[in-house]
Amino acid sequence: MEEILKYFPNLTPEQISQFEQLEVVYQEWNAKINVISRKDIHELYVKHVLHSLGIAKVMEFVPGSSVMDVGTGGGFPGIPLAIMFPETKFYLIDIIAKKIRVVNEVIQALGLTNVVAEQKRAETVEEKFDFIVSRAVTNMPDFVKWIRHKTKKENHHEFENGILYLKGGDLTEELQDFPKAVQFDLSNIFDDEFFETKKVVYLPLKYKG
């Protein structure tokens, strides 16, 4: 929790309380349904929560905006971002039912009113969003195929509507067909060695009705 406050010192008391609850809730549910690897559950705040919040260092979602988290797994990056941006609506999807069950239990335990989680494939979602976030669920070409035509027409942020993707390693080959993609190195933002090769990739998507 100290790591979160180190990089986000202006959290409200409610946000601090919600972030503090994450460890207890995830440990309880992970013992029943394994959604986070056993070795990572003890490093929840750095490897999952802070990693998710790397997106918050790149983009500040405005009140009233909407974000879809594709392949949310145990709720990352969607849950930490929903705590950070309580006036933004988050829609978390995953194809694995047990993971969505855990996510919904976390949402309920924390009293989050700005999050909906469902078992669903991205291709079947009909709504449109300001941004689509994810954490390394697949390569970028396939991901773009899953979520194209799902961004809103109107832009309300500093960046045009599009993708904010957490990924690691050398992405030169993966992004060669996306010249507008911008990489933000999380090693320039967070000190922990875990972030040495971690990035947020921003890719604007043109609106298509």
Side-chain angles (χ1 to χ4, degrees), residues 4-5 7-22 25-26 45 48-94 99-100 102-120 122 125-137 143 146-167 182 184 186 189-190 199-207:
I4 308 301
L5 290 170
Y7 296 106
F8 298 93
N10 298 319
L11 298 175
T12 66
E14 182 178 16
Q15 287 172 317
I16 292 172
S17 175
Q18 288 171 329
F19 277 123
E20 286 176 340
Q21 289 177 67
L22 283 178
V25 176
Y26 273 110
Y45 284 106
H48 295 279
V49 181
L50 195 59
H51 190 203
S52 297
L53 293 176
I55 290 174
K57 286 294 189 182
V58 172
M59 168 62 63
E60 185 164 337
F61 299 117
V62 301
S65 57
S66 61
V67 177
M68 178 167 67
D69 177 6
V70 175
T72 191
F76 302 99
I79 294 288
L81 291 173
I83 296 173
M84 186 63 66
F85 301 103
E87 295 182 57
T88 293
K89 295 178 181 178
F90 288 85
Y91 182 49
L92 281 52
I93 62 171
D94 200 285
K99 292 184 177 181
I100 290 298
V102 172
V103 172
N104 275 312
E105 292 290 346
V106 174
I107 290 168
Q108 185 174 356
L110 270 59
L112 295 172
T113 59
N114 61 328
V115 190
V116 172
E118 290 186 320
Q119 181 190 7
K120 186 174 278 193
V125 175
E126 296 182 357
E127 300 99 308
K128 295 185 186 295
F129 303 86
D130 294 279
F131 286 93
I132 294 152
V133 301
S134 191
R135 187 165 70 152
V137 292
F143 189 73
W146 292 356
I147 54 84
R148 58 185 171 191
H149 314 326
K150 300 194 191 309
T151 48
K152 291 181 179 178
K153 184 176 183 179
E154 301 82 14
N155 295 302
H156 301 289
H157 295 78
E158 180 184 352
F159 296 170
E160 292 181 23
N161 296 345
I163 295 169
L164 291 162
Y165 203 62
L166 291 164
K167 202 83 189 275
V182 180
F184 298 88
L186 291 180
I189 299 171
F190 303 134
K199 302 174 178 68
V200 175
V201 180
Y202 163 64
L203 179 64
L205 292 178
K206 284 189 176 181
Y207 167 80

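Please read these numbers as outputs of a predicted model, since none were measured by experiment.
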For [Y], does its backbone N or O pair with a side-chain atom of [X] as donor and acceptor, under 3.5 Å?
X	Y	result
Asp94	Ile100	no
Gln15	Met84	yes
Tyr165	Ile132	no
Asn114	Ala82	yes
Asp130	Ser66	yes
Tyr91	Phe129	no

Counting only heavy atoms not in [X], do more than 12 fall under 6.0 Å of its [atom1]?
X	atom1	value
Glu158	CD	no
Glu14	CD	no
Lys89	NZ	no

Looking at every heavy atom in both [X] and [Y], which two are closest together, and how far apart are they?
X	Y	result
Leu112	Gln18	CD2-NE2, 3.6 Å
Ile107	Ala117	CD1-CB, 4.0 Å
Ala109	Gln21	O-OE1, 3.4 Å

As an exercise, state the distance from [atom1] of [X] to [atom2] of [Y], rounded to the nearest 0.5 Å.
X	Y	atom1	atom2	answer
Leu5	Phe19	CG	CZ	9.0 Å
Leu166	Lys199	CG	NZ	12.0 Å
Lys150	Ile147	NZ	CD1	8.5 Å
Glu126	His149	CD	NE2	13.5 Å
Leu22	Phe76	CG	CZ	6.5 Å
Leu92	Lys99	CG	NZ	13.0 Å

Tell me which donor-acceptor pairs under 3.5 Å the side chains of residues 49-65 have, and how far apart each pair is, sequence neighbours excluded?
unit_1: Ser52; atom_1: OG; unit_2: His48; atom_2: O; d: 2.6
unit_1: Lys57; atom_1: NZ; unit_2: Tyr7; atom_2: O; d: 2.7
unit_1: Ser65; atom_1: OG; unit_2: Val62; atom_2: O; d: 2.6
unit_1: Ser65; atom_1: OG; unit_2: Thr88; atom_2: OG1; d: 3.2

Look at the rings of Phe131 and His157 and say which category their plane angle falls in: under 30° parallel, 30 to 60° tilted, over 60° perpendicular.
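Perpendicular: the ring planes of Phe131 and His157 meet at over 60°.
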Give the intermediate values and the outcome of side-chain contact (heavy atoms from CB on, under 4.5 Å) for residues Phe143 and Lys167.
CA-CA 12 Å; Phe143 189 73; Lys167 202 83 189 275; over 6 Å; no
Quick one, Val201 and Ile163 - any side-chain contact, counting heavy atoms below 4.5 Å?
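Not in contact.
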State, yes or no, whether a side-chain contact exists between Leu205 and Glu160 at a heavy-atom distance under 4.5 Å.
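No. Closest side-chain heavy atoms not under 4.5 Å.
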Quick test of your reading: applying side chain to side chain donor-acceptor pair (under 3.5 Å), list the pairs with at least one residue in residues 67-77, sequence neighbours left out, ordered by first then second residue.
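Counting only pairs at least two positions apart or across chains, the side chain to side chain donor-acceptor pair (under 3.5 Å) contacts touching residues 67-77 are Asp69-Thr72.
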